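Predicted model only: the values in this text are computed from it and were never measured. Chain identifiers are assigned alphabetically (A, B, ...) following the order of the sequence lines, protein sequences preceding nucleic acid strands; residue numbering begins at 1 within each chain.
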2 protein chains.
Amino acid sequence: MTTDCANCPLRRHDLFKTFSEQDLKSIQKFKVGEIKVDPGTPLLMEGSNSPQLFTALRGMGLRYKTLANGRRQVLNFVFPGDFLGLQSGLMDEMGHSIEATSHMTLCVFNRSELWTFFRNHPDRAFDITWLAAVEEHFLGEAVATLGQRTAFEAISWALVRIFQRGEALGLVTRNSMALPFRQQDLADALGLSLVHTNKTLSKLRDRQLANWADGKLTIYDLELLRSEGQVDDDPLPLRPLM
Amino acid sequence: MTTDCANCPLRRHDLFKTFSEQDLKSIQKFKVGEIKVDPGTPLLMEGSNSPQLFTALRGMGLRYKTLANGRRQVLNFVFPGDFLGLQSGLMDEMGHSIEATSHMTLCVFNRSELWTFFRNHPDRAFDITWLAAVEEHFLGEAVATLGQRTAFEAISWALVRIFQRGEALGLVTRNSMALPFRQQDLADALGLSLVHTNKTLSKLRDRQLANWADGKLTIYDLELLRSEGQVDDDPLPLRPLM
DNA sequence: CGATGATTTGACGAGCCTCAAGGTACGTGG
DNA sequence: CCACGTACCTTGAGGCTCGTCAAATCATCG
């Protein structure tokens with residue numbers, strides 16, 4: 001039993017652009033189903049050419065690459081509203097893998113219909129391009145983080161970005177949100193060792209800035225953390241939802 | 001005196017997709033002129049909302065971000081064929097700045113006409129999205145480089161990527177190509193200090209892998225360098241030209 | 001020719017990595 | 001119900017990669 005797009009649980013959040021009736025109809029037609037997956041389930045594989053694209057409805061996940069020497073680089077955390085698989089939809093293969101780290105629910109689309117959708121709905125095509133550009137923007141920030149920030153700054157940056165996204169999605173209650181990742185995931189995202197990540201997190205705790213434990217992230221002083229991480233305070237832009 | 005798109009000097013390279021007659025006509029109409037700039041000229045500024053988009057015809061440049069603490073992160077080197085300013089065309093501001101590091105010639109487009117172009121030419125719209133996806137793919141690799149590769153591996157990776165692009169553009173003669181950047185630029189691209197970059201480059205020289213001096217990059221053993229840098233050997237995909 | 005910018009080299013120290021070990025929570029099977 | 005394995009977090013010790021500081025060399029240019 002799949003949800004009607006008109007009743008999509010994400011639409012209510014003001015992080016997302018509002019749909020026209022036309023948009024609703026066309027996206028509903030593009031959508032072919034819904035799936036629920038368990039933590040640890042791989043959704044898309046680097047180098048593969050998946051027949052399906054997804055929109056994350058509930059739950060979280062990871063985008064990552066694996067290098068020849070076996071080391072893993074996490075590119076991004078996946079949140080509700082993210083559109084997954086665009087690379088394989090456009091080019092013929094994914095540049096990274098994606099897997100669920102919590103229980104997830106996802107909308108499913110057929111890659112083979114992407115081009116038709118693109119041609120018939122130029123405004124939605126524009127939205128897809130916009131999503132790609134936002135992703136590019138984010139990765140640019142990530143590159144700057146890995147290249148120029150210290151471990152302490154990098155972790156501050158990451159926690160602020162995560163928390164901001166959580167707030168916009170209504171996942172935050174009283175300064176806290178669920179964050180179903182391991183310290184190893186954050187370490188791999190920031191190019192740090194697990195040990196140093198652990199020690200830096202405890203420094204954040206000592207300084208009363210933030211606490212991430214037992215899958216729950218609590219921010220005590222967002223403004224201070226923002227300045228430690230040198231995060232620009234642009235408001236999150238309104239995202240289109242696919 | 002601007003070049004006719006039909007005579008675009010880039011079209012001959014097999015790096016680029018071939019144009020249909022229709023494509024030629026529509027892109028020619030979108031194009032509003034051509035400019036030549038000197039080394040050091042800023043083309044687009046982070047946070048700005050440029051009225052113009054560009055395609056690099058000749059010459060090279062840099063994309064970079066500046067952090068609050070003044071440090072600079074180079075995101076990418078700009079080569080002929082690159083489409084510049086898409087972020088400001090889609091979102092309302094650039095996430096990075098772009099400047100010329102050599103003499104450059106660029107095609108100029110009006111940002112205000114992007115949406116019309118997008119609507120009227122769905123296949124070209126697809127191409128634009130594809131370009132955004134390729135950029136995202138590249139930045140993903142860059143993140144992995146900064147996060148997981150040693151200085152030696154990172155520089156090997158960068159030189160291979162640059163050289164491959166140069167080859168596809170016909171810029172390489174007898175294992176060498178012009179590379180009009182400073183060591184500081186490469187250092188800022190890889191998150192390394194200038195000093196360490198310099199020392200690592202001389203190690204590459206000692207090991208007879210590559211030599212970059214006086215604005216000229218020479219690769220002695222591309223295969224070996226590729227394996228040192230753990231660069232995947234996917235062939236460069238055919239790029240659309242805007 | 002002094003001034004400026006880029007490259008090069010040496011010395012030293014710090015930030016972060018690796019290795020190692022121990023702690024806790026949780027599930028599984030005897 | 002307890003022994004055991006597994007996964008993740010935590011903490012300490014030591015060392016290497018890489019950053020910072022400093023200064024010399026070289027080329028270009030007004």
Side-chain angles (χ1 to χ4, degrees), chain A residues 38-40 62 67 69-74 99-102 145-159 178-206 210-218 228, chain B residues 38-40 60 62 67 69-74 99 101-103 145-159 178-206 210-218 228-229:
Chain A
D38 289 331
L62 281 181
L67 294 195
N69 58 17
R71 303 187 58 163
R72 180 181 76 150
Q73 175 67 45
V74 168
E99 83 175 42
T101 59
S102 72
T145 296
L146 296 191
Q148 310 299 336
R149 286 185 242 250
T150 64
F152 187 81
E153 293 168 341
I155 291 189
S156 300
W157 171 82
L159 295 186
L179 193 61
F181 300 100
R182 296 164 305 155
Q183 292 185 356
Q184 184 70 64
D185 296 326
L186 184 61
D188 288 347
L190 299 174
L192 300 169
S193 71
L194 170 61
V195 172
H196 198 63
T197 300
N198 180 289
K199 288 172 178 166
T200 306
L201 280 170
S202 79
K203 194 188 287 184
L204 284 171
R205 223 172 280 133
D206 292 347
N211 181 27
W212 176 31
D214 304 318
K216 203 177 80 170
L217 170 66
T218 307
E228 291 286 0
Chain B
D38 289 331
M60 299 183 190
L62 280 181
L67 294 198
N69 58 17
R71 304 188 58 165
R72 180 181 76 150
Q73 175 68 44
V74 169
E99 83 176 40
T101 59
S102 72
H103 288 281
T145 297
L146 297 191
Q148 309 300 337
R149 286 186 241 250
T150 64
F152 187 81
E153 293 168 339
I155 290 189
S156 301
W157 171 82
L159 295 186
L179 194 61
F181 300 100
R182 297 164 304 156
Q183 293 185 357
Q184 183 71 64
D185 296 326
L186 184 61
D188 288 348
L190 299 175
L192 300 170
S193 71
L194 171 60
V195 172
H196 198 64
T197 300
N198 180 289
K199 287 171 177 166
T200 306
L201 281 170
S202 78
K203 195 187 286 184
L204 284 172
R205 224 172 279 133
D206 293 346
N211 181 27
W212 176 31
D214 304 317
K216 202 176 80 168
L217 171 65
T218 307
E228 291 286 359

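Residue His196(A) contributes atom NE2, which lies 17 Å from atom P of dT17(D) at whole-angstrom precision. Look at CG on Leu186(A): it is 16 Å from C1' on dT10(D), rounded to the nearest Å. Between Gln184(A) atom CD and dC17(C) atom P the separation is 11 Å, expressed in whole Å. Rounded to a whole Å, the CD atom of Glu153(A) is 15 Å from the C1' atom of dA14(C). Following rounding to the nearest Å, Leu217(B) (CG) and dT7(C) (P) show an atom-to-atom distance of 14 Å. Atom CG in Asp206(B) sits about 11 Å away from atom P in dT8(C), given to the nearest Å. When the P atom of dG15(C) is taken as reference, atom NZ of Lys203(A) falls 8 Å away, rounded to whole Å. With rounding to whole Å, Leu201(A) atom CG is found 14 Å from dT11(D) atom C1'.
If Ser202(B) and Arg71(A) are placed on DNA chain C by their nearest nucleotide, the residue sitting closer to the 5' end is Ser202(B).
With distances taken from any side-chain atom of Arg182(A) to the nucleotides dC8(D), dC21(D), dA6(C), the minimum falls on dC8(D). Comparing dG12(D), dC16(C), dC18(D) by their nearest atom to the side chain of Ala151(B) picks out dC18(D). Considering only the side chain of Leu194(B), dT7(C) comes nearest among dG19(D), dT20(D), dT7(C). Among the nucleotides dT8(C), dA11(C), dC18(D), the one closest to any side-chain atom of Lys199(B) is dA11(C). Of the candidate nucleotides dC18(D), dC16(C), dA22(D), dC18(D) has the atom nearest to the side chain of Leu192(B).
OP1 or OP2 of dT8(C) has at least one side-chain nitrogen or oxygen of Asn198(B) nearer than 4.0 Å. For dT10(D), one of the phosphate oxygens OP1 or OP2 lies less than 4.0 angstrom from a side-chain nitrogen or oxygen of Gln183(A).
Between the side chain of Thr150(B) and the backbone N or O of Glu153(B), at least one donor-acceptor pair lies under 3.5 Å.
None of Asp188(A), Asn198(A), Thr197(A) except one satisfies the side chain to side chain donor-acceptor pair (under 3.5 Å) rule with Gln183(A); the exception is Asn198(A).
Using a 4.0 Å heavy-atom cutoff across all strands shown, Gly215(B) reaches no nucleic acid atom at all.
With salt bridges taken as basic N to acidic carboxylate O contacts below 4.0 Å, none links Lys199(A) and Asp206(A).
Between Leu67(B) atom CG and Thr145(A) atom OG1 the span is 7.5 Å, to the nearest 0.5 Å.
For the pair Val74(A)/Phe181(A), no side-chain contact is recorded, criterion being any heavy-atom separation below 4.5 Å from C-beta on.
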